[in-house]
Amino acid sequence: EQKQVTMKALDLINCRIQKILRLCFERAPSKSIIDMLEPEENALFQLIHSEIEEWRNKILTEGIE
């Protein structure tokens, strides 16, 4: 029973991570969708999204130079 609970928890966590990653790939995700994120999801989203945007900008800037 403990193993089943752990597996279900991991499945839920993975679903939430996938949702966050899909949002992170968007250049300008909808504010209404972001507002619906749970606080811990929003924190992870903000962190990953800013890293992706920083990386995109770095690649674009280096490609121009």
Side-chain angles (χ1 to χ4, degrees):
E1 190 173 308
Q2 177 68 27
K3 191 173 185 174
Q4 285 181 338
V5 170
T6 301
M7 293 302 291
K8 287 182 181 184
L10 286 172
D11 285 344
L12 178 61
I13 290 167
N14 288 335
C15 286
R16 291 173 75 183
I17 289 172
Q18 287 176 348
K19 174 175 75 172
I20 293 165
L21 289 175
R22 278 193 304 271
L23 280 174
C24 287
F25 289 130
E26 295 181 27
R27 295 295 305 245
S30 167
K31 183 176 177 352
S32 62
I33 294 175
I34 293 170
D35 289 344
M36 292 182 354
L37 295 174
E38 295 295 323
E40 67 275 9
E41 291 175 325
N42 195 316
L44 183 57
F45 165 76
Q46 296 298 334
L47 178 69
I48 295 171
H49 190 259
S50 79
E51 287 293 324
I52 289 172
E53 285 303 305
E54 187 176 315
W55 183 80
R56 280 180 177 151
N57 290 332
K58 181 178 178 185
I59 295 299
L60 290 174
T61 303
E62 289 176 0
I64 293 172
E65 293 175 356

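Note that the coordinates shown come from a computational prediction; the quantities given were computed from them, not determined experimentally.
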Starting at [atom1] of [X], measure out to [atom2] of [Y] and round the result to the nearest 0.5 Å.
{"X": "N57", "Y": "E54", "atom1": "CG", "atom2": "CD", "result": "8.0 Å"}
{"X": "K19", "Y": "N14", "atom1": "NZ", "atom2": "CG", "result": "13.5 Å"}
{"X": "I17", "Y": "C24", "atom1": "CD1", "atom2": "SG", "result": "11.0 Å"}
{"X": "R27", "Y": "I52", "atom1": "CZ", "atom2": "CD1", "result": "10.5 Å"}
{"X": "L37", "Y": "L44", "atom1": "CG", "atom2": "CG", "result": "9.5 Å"}
{"X": "S32", "Y": "M36", "atom1": "OG", "atom2": "CE", "result": "6.5 Å"}

> Which atom pair, heavy atoms only, marks the closest approach of I34 to P29?
Replying inline: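 Of all heavy-atom pairs spanning I34 and P29, the closest is CD1-CG, 3.7 Å.
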Can [Y] be reached from [X] by stepping across I, L, V, M, F, W or Y side chains whose heavy atoms are under 4.5 Å apart?
{"X": "L47", "Y": "I20", "value": "no"}
{"X": "I59", "Y": "F25", "value": "no"}
{"X": "I48", "Y": "I13", "value": "yes"}

> Which residue pairs pass the ring pair (Phe, Tyr, Trp, His ring centres under 6.0 Å) test with at least one member in residues 32-51, sequence neighbours excluded?
Replying inline: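 Non-adjacent pairs meeting ring pair (Phe, Tyr, Trp, His ring centres under 6.0 Å): F45-H49.
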>> Tell me whether R16 is salt-bridged to E38, with the criterion being a basic N under 4.0 Å from an acidic carboxylate O.
In response: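 Salt bridge between R16 and E38, a charged N being under 4.0 Å from a carboxylate O: no.
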> Of all residues at least two apart in sequence or in a different chain, which pass the side chain to side chain donor-acceptor pair (under 3.5 Å) check with Q2?
Replying inline: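 Side chain to side chain donor-acceptor pair (under 3.5 Å) list for Q2, sorted by chain: empty.
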> Pairs in or reaching into residues 28-37: which pass salt bridge (charged side-chain N to carboxylate O under 4.0 Å, His left out), with residues at least two apart or in two chains?
Replying inline: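 Sorted result for residues 28-37: K31-D35.
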